[in-house]
Protein chains: 2
Amino acid sequence: MKISNTVEWAIHCCTLLAGLPKGVNLSAKDLAEYHGVPHPYLAKALQTLSNDGIVKTISGPKGGYQLAKEPNNVSLLDIVLSIEGSDSCFECEEIRQQGPTALKRSASYKRPCLIAAAMWKAENVWRSELDKTKLSHLIEQVIIEADPRQMKKSQDWIEKRTP
Amino acid sequence: MKISNTVEWAIHCCTLLAGLPKGVNLSAKDLAEYHGVPHPYLAKALQTLSNDGIVKTISGPKGGYQLAKEPNNVSLLDIVLSIEGSDSCFECEEIRQQGPTALKRSASYKRPCLIAAAMWKAENVWRSELDKTKLSHLIEQVIIEADPRQMKKSQDWIEKRTP
DNA sequence: TTATTGCAGATAAAATTTATCCGTGATAAG
DNA sequence: CTTATCACGGATAAATTTTATCTGCAATAA
Ligand code: SF4
Ligand code: SF4
């Protein structure tokens, strides 16, 4: 029940990409350096995001990544499910059908039990809560809340690596 | 982002214990046999539940476990947090404070950022949803929905191991 | 053509989860 | 009082997953 911290990296990368001007891209190496994380491993996460259509890739020199959709169309849930996989966090092993008191082929096993139903319901409310937060919402708030010096530093840094 | 299946075992054990008559207990071995899972490993989970005050232990011959609280006072959340630990599933590494564009000791880092806030909010709705389902609710529904033959079989089995 | 970049797959290292074992203390039954 | 049964904590081992890196190949801008 722990979320990999590559999810955190992926969210930060997507947020940064979402704030870039149209047509501008950043390479995996730049993104890794910007966030201070290991490049080859971050690259894997970016590839996953690419496979799931969240980011778009530009190959060749001066290539890199852009956001593939509009920022208001990418939610935290999209990123989490892409990196972590979209399987349910609760996998039921149907242990009610094991053990000495179980019946064989009883119709009552067709219905999913309450335990599994409750676990899945909880996961659904978690997911829909995450889906409410879009990248567009995040960058708006960053602009409002961030320290202006940091914004400047960040913009200068980005300008140095983009045409 | 996967929940250990010992959580599933623990929930089943607690539900079974919740349905037992007052004062009656089942040993770890019995519980393992009933559910068809390995005894030494299930025993570990039961010890954890015991530490967290969810089940009560009776030592000595004919000892075992009882539910420590009223069934309407134990929720799925209690069991999940006991087995999985109560740490948040999203651990923020403050990577905004790393990398070449970060400021040193800026006051703007004091406030938790929106990403972390959204992740924690989602976990909270997940938890409160799980907290809604109490063991009492589960056993009521089991009585209504279960196959009568299975109930009989189960009761006979329990009677054989309890006075 | 050349240098740069993403990508898939293989691989290696590290950490975590899963599972078992043993010695100790508690206690009910004989 | 003795004995057998059971929970418990700690140590340990096996298996699996996560984390991280490397390599060769395709794409492409200059
Ligand atoms: S009773 Fe529910 S949780 Fe248990 S095994 Fe069956 S479906 Fe899964
Ligand atoms: S910006 Fe938010 S998610 Fe990222 S490191 Fe800081 S607190 Fe964590």
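To find a chain, count down the sequence lines: A is the first, B the second, and so on, and within it residues start at 1. It should be emphasised that the depicted structure is a prediction, and the values quoted were computed from it without experimental measurement.
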query = Rounded to whole angstrom units, what separation is found between the CD atom of B:Gln47 and the P atom of C:dT24?
reply = 17 Å
remark   = Among C:dT20, C:dT18, C:dA10, the one nearest any side-chain atom of B:Asn5 is C:dT18
message = Rounded to whole Å, how long is the line connecting atom NE2 of B:His39 with atom C1' of C:dT18?
response = 16 Å
Rounded interatomic separation in angstrom, taking CG from A:Asp52 and C1' from C:dC7 = 15 Å
query = Hey, does B:Ser50 reach any base, or is it just sugar-phosphate, or nothing, if we go heavy atoms under 4.0 Å?
reply = sugar-phosphate
key: Nearest-neighbour nucleotide for the B:Trp9 side chain, C:dA19, D:dC8, C:dT20 considered   = C:dA19
note = Of the candidates D:dT21, C:dG6, D:dC8, the side chain of A:Lys44 sits closest to D:dT21
task = Show the numbers, then the answer: is there a side chain to side chain contact (heavy atoms under 4.5 Å, CB included) between A:Ser75 and A:Leu130?
result = CA-CA 7 Å; A:Ser75 70; A:Leu130 275 187; over 6 Å; no
inquiry  = So, does A:Ser4 get its side chain near the phosphate of D:dT19, meaning an N or O under 4.0 Å from OP1 or OP2?
reply    = yes
ask   = Which part of the nucleic acid does B:Ala28 contact within heavy-atom distance under 4.0 Å: base, sugar-phosphate only, or nothing?
value = sugar-phosphate
request  = Determine whether any donor atom in the side chain of A:Lys29 lies under 3.5 Å from an acceptor atom in the base of C:dG6, or the reverse, and answer yes or no.
outcome  = no
query = What's the CG-P distance between B:Leu31 and D:dC6, to the nearest Å?
reply = 12 Å
query = Between B:Val7 and B:Leu138, is there a shared hydrophobic cluster once you connect ILVMFWY residues whose side-chain heavy atoms come closer than 4.5 Å?
reply = yes
ask   = What do the steps show when you test A:Lys152 against A:Asp156 for side chain to side chain contact (heavy atoms under 4.5 Å, CB included), and what is the final call?
value = CA-CA 6 Å; A:Lys152 178 74 170 57; A:Asp156 289 349; 2.8 Å; yes
task = Among the candidates C:dT4, C:dC7, D:dC8, find the nucleotide nearest to the side-chain atoms of A:Pro61.
result = C:dT4
ask   = Nearest to the side chain of B:Pro40 - D:dG9, D:dA7, C:dT20?
value = C:dT20
ask   = Can you find an N or O donor on one side and an acceptor on the other, under 3.5 Å apart, linking the side chain of A:Lys56 with the base of C:dG6?
value = no
message = Tell me the interatomic distance from A:Tyr65, atom OH, to C:dG6, atom C1', rounded to whole angstroms.
response = 5 Å
key: First encountered from the 5' end of DNA chain C, between A:Lys62 and A:Asn51   = A:Lys62
request  = Rounded off to whole Å, could you give me the CG-to-P distance for the A:Leu42 and D:dT21 pair?
outcome  = 11 Å
task = Verify the contact: side-chain N or O of B:Ser59 to OP1 or OP2 of C:dA28, cut-off strictly under 4.0 Å; return yes or no.
result = no
query = Does A:Tyr41 have a side-chain nitrogen or oxygen under 4.0 Å from the phosphate oxygens OP1 or OP2 of C:dA14?
reply = no
request  = Taking atom types as modelled, find out whether B:Asn72 and B:Ser136 have a side-chain donor-acceptor pair closer than 3.5 angstrom.
outcome  = no
note = Between CD1 of A:Ile83 and P of D:dT18 the distance, given in whole Å, is 13 Å
ask   = Within this structure, what is the NZ-to-C1' distance between A:Lys2 and D:dT17, rounded to whole angstrom?
value = 12 Å
inquiry  = Check A:Glu123 with A:Arg127, please: is the shortest side-chain N to carboxylate O separation under 4.0 Å?
reply    = yes
message = Tell me whether B:Trp120 shares a hydrophobic cluster with B:Trp126, the cluster being built from Ile, Leu, Val, Met, Phe, Trp, Tyr side chains joined at under 4.5 Å.
response = yes
Sugar-phosphate only, base, or nothing, as touched by B:Pro38 at under 4.0 Å among non-hydrogen atoms = sugar-phosphate
